[in-house]
Amino acid sequence: MTRMRAVDAVVLILEKEGATETFGLPGAAINPLYSAMKAHGGIRHTLARHVEGASHMADGYTRSAPGNIGVCLGTSGPAGTDMITGLYAAAADSQPILCITGQAPVAVLDKEDFQAVDIASIAAPVTKMAKTVLEAGQVPGVFQTAFQLMRSARPGPVLIDLPIDVQQTEIEFDIDAYEPLTPAKPAATSGQAEKILDLIAEAEHPIIIAGGGVINADAADRLVEFAELTSIPVSPTLMGWGAIPDDHPLAAGMVGIQTHVRYGNATFLESDLVIGIGNRWANRHTGDLDVYRKGRKFVHIDIEPTQIGRVFAPDFGVASDAGAALDALLAAARSRSDGPPDFTGWARECTARKSTEHRKTNFTEVPIKPQRVYQEMNQAFGRDVTYVSTIGLSQIAGAQMLHVYRPRHWINAGQAGPLGWTGPAALGVAKGKPGETVVALSGDYDFQFMLEELAVGAQHQIPYVHVVVNNSYLGLIRQSQRGFEMDYEVSLAFENINTAGSASSGYGVDHVAVAQGLGCKALRVEDPELIGEGLRVAKELMDEHQVPVVVEVILERVTNISMGAALDQINEFETLAQTPADAPTALSPMGELAAAK
């Protein structure tokens, strides 16, 4: 056994557990851990400008690749409370991040010492474990348990709080004898798989709803394999987007009351059996439950037993990891004497529907309509791009009009939706995908939250493109205020004394100037015909300078994006596509597949 400080053991454990990408800010109460990291030399660190930003960077890094666990570091007191929004966003979307806070010495924890706060109690509701370690000898076991918990069942975040004296206390520790604990994950049985196949065999129009659990389980290939074996169409949720390529013949399109495609909702409304795999029946997906459930049977497979029946009682529920459930379904389907079920005819109907009911994107107006931006993004970035987004009309419209072709190529804070998440999360994603094209999508208000983190990308040379669609409004809130017949305290517009006379005059904050002041490159687009060129230049600047590049697109002030209260009550505010030219980046040109049906 070797004698070492507890923090030196922590660093060795991080290395052995594979959690070597950290984001944070040093401070007095966490400096011992930073000294251990410096001495070790194998733990990478990105210095954030705000601890909440660091927590979102860790979250983005986690989501960027299977097996990743981002680590967020901060000193005591307000650094810990700054992490809470990041912990909430990670917990809500089942993402394992590890937050480590420094703490005042054990002897003064109940004496209102400077920056001493009971962070474990504060963080408990948004973590799988939150613990202040009072004995140095417990440090290895607490970290070992933390990693097992983060990876077990429904993944999620953990916070470990380390008093400064505990960090520096010497303990006996042998990293060669340390072994990560095996995560616990429920698995569907062959009998449960057979029961699901029986329900499928009784159906005429089944559909699979693929949730984020499929992505977390790294099971997208098995999902597609099962869909192809049975010819069952697949609709991803917002968190499951990319589990099946958008242009796959069995990709039925996203369903929802906000983030959806019209043919996806139309297909769902024709279904009679819904097989949910790794999903939560989120309210923005289902809308009115009477409409969503009418005339359909439901199978619900989820890794967390308490999710089954939480929103509504399914006809059959299975507590299982999505990958294990798909393994069982594949084995059961192949072993059936009469072969797997075959829904080729139904699948053809769904495929044909993909060339109908398109929304128009090819607008030429000035100021620019937002739909045109997503059309140009489809053309500029192609199949390999990873999109990062959070909340607002920009995210909703993006999910209606962009295309995603691979798992973890749409990264979104789906349930919490904290404004400001996009930028720092994109930095974390870019750290996890070096050399790949990462494109963030924000409205102007989301962009202004945590704007300072752009300097992190400049300092550490973390390149990505940030598309900011600027209508100088809290657009989603303004749209929701229509029901109250008001437009109140949602405008961000003002006459900026430094931009008087420019085309963006009256839009308030000069995002280009701010981004440049933080060490990044930036450009502004005001003509729809120049969006594509602006995105091309942005990619070139990103590659040349290895920093974030902001593309600000000046939009018309008011645009209402399609949404409604129920799947059959979506309000369309713009003219729908009438010809293929109205939606030139649609996955299936308008009328082409429908005519061939």
Grab the two heavy atoms, one from Ala251 and one from Ile244, that are nearest each other, plus how far apart they are. N-CD1, 4.0 Å

Nearest heavy-atom neighbours spanning Thr351 and Pro249: OG1-O, 2.7 Å

Do Tyr61 and Val429 make a side-chain contact, defined as non-hydrogen atoms from C-beta onward lying under 4.5 Å apart? no

Among Arg262, His260, Met254, Gln258, which residue satisfies the side-chain contact (heavy atoms from CB on, under 4.5 Å) criterion with Gln400? His260

Report yes or no: is the cationic atom of Lys294 (NZ for Lys, CZ for Arg) under 6.0 Å from the centre of the six-membered ring of Tyr292, at an angle within 45° of the ring normal? no

Any donor-acceptor N/O pair, Thr390 side chain to Thr422 backbone, under 3.5 Å: yes

Let me see the working for Asn470 and Arg524 under side-chain hydrogen bond (donor to acceptor under 3.5 Å, both in side chains), right down to the final yes or no. CA-CA 10 Å; Asn470 181 8; Arg524 180 176 294 117; over 6 Å; no

Taken to the nearest 0.5 Å, the spacing of Ile275 CD1 from Ile207 CD1 works out to 9.0 Å

Within the side chain of Thr62, is there an N or O that forms a donor-acceptor pair under 3.5 Å with the backbone of Pro96? yes

Does Lys369 come within less than 4.0 Å of Glu574, counting only side-chain N to carboxylate O? yes

May I ask you to check whether over 12 heavy atoms, not counting those of Lys360, lie within 6.0 Å of atom NZ? yes

Counting N and O atoms only, with roles assigned by atom type, does the side chain of Asn378 sit under 3.5 Å from a partner on the main chain of Met401, one being a donor and the other an acceptor? yes

With a 4.0 Å cut-off, would you call Arg222 and Glu225 a salt bridge? no

Please check if the side chain of Ser491 supplies one atom and the backbone of Ala493 the other of a donor-acceptor pair under 3.5 Å. yes

Run the numbers on His511 and Glu552 for side-chain hydrogen bond (donor to acceptor under 3.5 Å, both in side chains), then give the verdict. CA-CA 7 Å; His511 299 109; Glu552 180 187 43; 2.6 Å; yes

Tell me whether the guanidinium CZ or amine NZ of Arg353 lies under 6.0 angstrom from the six-membered ring centre of Tyr263 and within 45° of its axis. no

Please find the pair of heavy atoms, one from Arg280 and one from Val311, that lie closest to each other, and give the distance. O-CG2, 3.6 Å

Taking every heavy atom of Val550 against every heavy atom of Leu454, the minimum-distance pair comes out as CG2-CD1, 4.2 Å

Minimal heavy-atom distance between Ser55 and Glu52, with the atoms involved, is OG-O, 2.6 Å

Less than 4.0 Å between a side-chain N and a carboxylate O, is that true for Asp302 and Arg154? no

Looking at Pro584 and Thr361, what are the two nearest heavy atoms and their distance? CD-OG1, 3.8 Å

Can you confirm whether the side chains of Tyr405 and His403 place a donor and an acceptor under 3.5 Å from each other? no

Step through the shown structure and confirm whether more than 12 heavy atoms of other residues, nucleotides or ligands are within 6.0 Å of CZ on Phe573. yes

Can you check whether Tyr507 reaches Arg557 side chain to side chain, under 4.5 Å on heavy atoms? yes

Quick one: CG on Leu223 to CD1 on Ile215, what's the gap to the nearest 0.5 Å? 8.5 Å

Would you please indicate if the ring centroids of Tyr387 and His409 are separated by under 6.0 Å? no

Is Glu529 salt-bridged to Arg372, cutoff N-O under 4.0 Å? yes

Using a 3.5 Å distance criterion without hydrogens, assess whether the side chain of Asn496 forms a donor-acceptor pair with backbone atoms of Gly508. yes

Sub-3.5 Å donor-acceptor pair from the side chain of Asn216 to the main-chain atoms of Ser94, do we have one? yes

Within this structure, what is the OG1-CZ distance for the pair Thr46 and Phe23, rounded to the nearest 0.5 Å? 5.0 Å

Determine the interplanar angle of the Tyr445 and Phe449 rings, folded into 0 to 90°, and report it as parallel if under 30°, tilted if 30 to 60°, perpendicular if over 60°. perpendicular

Applying side-chain hydrogen bond (donor to acceptor under 3.5 Å, both in side chains) to Glu270 and Thr267, what does each step give before you reach the verdict? CA-CA 5 Å; Glu270 293 293 323; Thr267 285; over 6 Å; no

Between Pro528 and the options Val553, Val366, Val373, the side-chain contact (heavy atoms from CB on, under 4.5 Å) test singles out Val366

NZ/NE/NH1/NH2 to OD/OE distance under 4.0 Å, Arg383 and Asp247: yes

Carboxylate-amine/guanidinium proximity below 4.0 Å for Arg359 and Asp582: no

Tell me, do Gln459 and Val547 make a side-chain contact under 4.5 Å, heavy atoms counted? no

Carboxylate-amine/guanidinium proximity below 4.0 Å for Glu21 and Lys431: yes

Would the Trp281 and Phe298 ring centres measure less than 6.0 Å apart? yes

From CD (Glu489) to CD (Gln481), nearest 0.5 Å: 9.0 Å

For Leu567, the option from Leu269, Thr286, Asp288 that meets side-chain contact (heavy atoms from CB on, under 4.5 Å): Leu269

Answer yes when Lys539 and Asp543 have at least one side-chain N-carboxylate O distance shorter than 4.0 Å, and no when they do not. no

Around atom CD of Glu365, are there more than 12 heavy atoms from other residues, nucleotides or ligands closer than 6.0 Å? yes

Steps toward side-chain hydrogen bond (donor to acceptor under 3.5 Å, both in side chains) verdict (Trp241, Asn412): CA-CA 10 Å; Trp241 200 7; Asn412 189 100; over 6 Å; no

